[in-house]
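The structure appears below as structure tokens.
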Amino acid sequence: MQVPSLDLKSQYNTIKQEIDSSLSSVINSHHFVLGPVVEKLEAELAGYLGVRYAITVASGSDAILISLMALGIGGGNKVITTPFTFFATAGSIARLGARPIFVDIDPETYNISPSAIKESIAGADSDGIKAIIPVHLYGQSADMSEIMAISKEFNIPVIEDAAQSLGSEYTFNGKDYKTGTIGLIGCYSFYPTKNLGGWGDGGLITTNDESIARMIKCLRIHGAENKYYHKYIGLNSRLDAIQSAVLRVKLKHLDTWNQERFRHAKVYDQLLKDCNLLSHLTLPLRKPNRNHIYHQYTLYVHSNKNPETRDKLKEFLKQNQIDTEIYYPLPLHLQECFQYLGYKKRDLPNAEQSSISVLSLPICPELTYEKQRYVVEKIKQFFMST
Ligand SMILES: Cc1ncc(COP(=O)(O)O)c(C=O)c1O
């Protein structure tokens with residue numbers, strides 16, 4: 001049996017007619033960049049997320065870059081973020097000449113630790129901190145109540161990196177919010193593997209702030225408010241109509257797909273428990289006040305005195321045609337390109353330990369019970385033979 005990480009072909013087959021007709025109307029309109037289909041998508045996303053402004057851009061990476069630009073962040077500024085995330089979160093900060101300040105994660109959820117943020121602000125790092133970027137990793141919200149309390153206390157805006165969490169929710173001040181809509185700005189990715197994935201690159205920025213929204217719209221078209229009159233130095237970061245046509249169809253199915261992912265996650269939980277694997281593995285933790293949309297179903301593999309256990313398990317599963325992924329094998333503070341920041345090994349132990357322990361199993365709405373059973377049987381076989 002083959003178990004791929006995700007199955008976009010099967011997904012397409014379930015919505016083929018809708019997608020094909022949506023695409024053919026774009027092809028016939030010959031309006032390919034921004035325009036009416038993109039505007040419709042933006043309105044639908046604003047409604048779905050419950051925000052005033054939803055502005056599409058060319059990628060999730062650009063969403064973070066443009067958000068930072070909209071806040072005027074650049075050389076000499078600092079931005080607090082997590083080292084346990086995709087590169088773009090911190091790469092965007094550094095590209096603008098600002099300094100990423102990496103703080104450690106909560107080892108149970110892999111999300112940024114609010115107490116570590118506070119320590120960093122209280123410490124020598126506090127001067128010039130212009131933003132905090134939490135990431136809602138694997139599809140579960142970071143501790144937004146605590147993060148927003150810190151934001152308020154120190155008057156530092158929050159840009160949420162919700163690239164992996166579109167559709168997940170967090171209860172804040174007694175109300176349910178979609179992740180990415182609690183801070184000042186939210187950033188999302190439509191990369192094909194995301195829960196809402198396009199057929200190419202794409203991204204989204206959300207905010208309830210009118211002047212920031214205006215600035216973002218301007219920055220995505222070379223800083224021009226009126227064509228050929230450039231108020232700011234922006235970039236070309238427009239979404240095309242083909243992507244929007246695909247995303248408009250898929251948005252209608254997103255909640256159902258996220259529920260399916262949740263259901264599969266519970267099946268994995270149960271199967272792994274039933275196979276007595278919990279002395280070898282820690283299951284993904286679901287924290288209260290939020291729902292997990294399982295962009296990834298990520299296990300913590302106990303090393304049992306052998307630091308290579310996770311990698312050996314991955315290899316064993318690969319030999320049995322089961323795809324797994326490691327998000328992320330090297331935390332950002334230890335990346336070569338960030339050597340100039342001066343971090344060293346053991347500075348951020350939770351992120352470092354997680355990077356040698358996590359393993360994401362295949363998960364997607366189309367996953368079957370038989371495949372899940374096969375995956376868990378193989379995991380069991382591995383631990384019985386070691
Ligand atoms: C946490 C996180 N931030 C940012 C991004 C960047 O998104 P994109 O690949 O659309 O540029 C991604 C996507 O891979 C991500 O997972």
Side-chain angles (χ1 to χ4, degrees), residues 5-6 8 41 45 54-69 79-96 100 102-103 105-106 109-112 131-142 144 147 158-168 178-180 183 185-206 216 219-220 235-240 242-244 246-247 250 261 292-298 325-333 335 338 351 354-355 358 360 363-364:
S5 280
L6 79 172
L8 292 175
L41 172 70
L45 284 164
I55 304 150
T56 54
V57 289
S59 68
S61 306
D62 274 7
I64 301 167
L65 187 78
I66 293 173
S67 300
L68 291 163
M69 289 168 77
V79 178
I80 294 179
T81 193
T82 164
F84 200 57
T85 176
F86 180 62
F87 179 75
T89 316
S92 311
I93 300 167
R95 263 187 65 186
L96 292 171
F102 294 114
V103 304
I105 56 167
D106 166 359
T109 61
Y110 313 105
N111 276 325
I112 195 165
I132 302 168
I133 309 186
V135 178
H136 308 304
L137 201 71
Y138 305 147
Q140 178 170 236
S141 180
M144 287 306 290
I147 293 169
V158 171
I159 300 172
E160 293 175 67
D161 181 342
Q164 302 187 3
S165 69
L166 181 51
S168 75
K178 290 277 195 298
T179 51
I185 303 179
C187 300
Y188 306 80
S189 163
F190 300 131
Y191 186 74
T193 58
K194 296 291 190 278
N195 289 28
L196 179 62
W199 283 6
D201 277 311
L204 177 76
I205 307 175
T206 54
I216 288 167
L219 286 169
R220 76 173 169 177
L235 60 158
N236 171 5
S237 188
R238 304 169 297 214
L239 190 69
D240 61 64
I242 297 272
Q243 297 312 325
S244 303
V246 171
L247 292 165
K250 288 194 173 193
R261 284 172 179 269
H292 201 319
I293 57 159
Y294 290 99
H295 173 57
Q296 299 300 336
Y297 181 90
T298 302
E325 300 290 344
I326 296 168
Y327 303 109
Y328 295 91
L330 185 65
L332 297 185
H333 66 291
Q335 295 285 344
F338 287 139
S354 300
S355 71
V358 290
S360 299
I363 192 155
C364 61

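Bear in mind the structure is a predicted one, so any value in this text is a computation, not a measurement. Order of appearance sets the numbers: ligands from 1, and atoms from 1 within every ligand.
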Check: Does any N or O atom in S189 lie less than 3.5 angstrom from one in ligand 1, N or O only?
Finding: yes
Item checked: Exam field: side chain T81 to backbone I133, donor-acceptor pair closer than 3.5 Å -> yes
Check: How far is atom 5 (C) of ligand 1 from its nearest protein heavy atom, and which residue and atom is that?
Finding: F86 CD2, 3.6 Å
Margin query: Closer than 4.0 Å to some heavy atom of V135 - which atoms of ligand 1 meet that?
Written below: 1 (C)
Margin query: Which of the numbered atoms in ligand 1 are under 4.0 angstrom from any heavy atom belonging to Q164?
Written below: 1 (C), 16 (O)
Notebook entry, point to check: Taking the six-membered ring for Trp, is the centroid-to-centroid distance between F338 and F87 below 6.0 Å?
Noted result: yes
Check: What protein heavy atom sits nearest atom 11 (O) of ligand 1, and how far off is it?
Finding: S61 OG, 2.5 Å
Next item on the list: Could you tell me which atoms of ligand 1, counted from 1 in the order shown, lie closer than 4.0 angstrom to a heavy atom of G60?
Entry: 6 (C), 7 (O), 8 (P), 10 (O), 11 (O)
Checklist line | Close side-chain approach of N195 to R261, heavy-atom, < 4.5 Å | finding: yes
Check: Taking C-beta and beyond as the side chain, do P134 and N111 meet within less than 4.5 Å on heavy atoms?
Finding: no
Next item on the list: Measure up the F84 and Y328 rings against each other and bin them: parallel (under 30°), tilted (30 to 60°), perpendicular (over 60°).
Entry: perpendicular
Notebook entry, point to check: Once you round to the nearest 0.5 Å, how far does OH of Y327 lie from OG of S360?
Noted result: 6.0 Å
Margin query: With heavy-atom distances below 4.0 Å as the criterion, list the atoms of ligand 1 near T89.
Written below: 3 (N)
Item checked: ligand 1 atoms in contact with K194 (distance to a heavy atom under 4.0 Å) -> 12 (C), 13 (C), 14 (O), 16 (O)
Check: Does an N or O anywhere in D62 fall below 3.5 Å from an N or O of ligand 1?
Finding: no
Next item on the list: Distance to 0.1 Å, residue and atom name: give those for the protein heavy atom nearest to atom 4 (C) of ligand 1.
Entry: D161 OD2, 3.6 Å
Note to self: So does G200 get a backbone contact from the side chain of Q243, meaning a donor-acceptor N/O pair under 3.5 Å?
What the structure shows: yes
Notebook entry, point to check: Would a 4.5 Å heavy-atom cut-off, applied to side chains only, mark I112 and I147 as touching?
Noted result: yes
Check: For ligand 1, which atoms sit closer than 4.0 Å to a heavy atom of T85?
Finding: 1 (C)
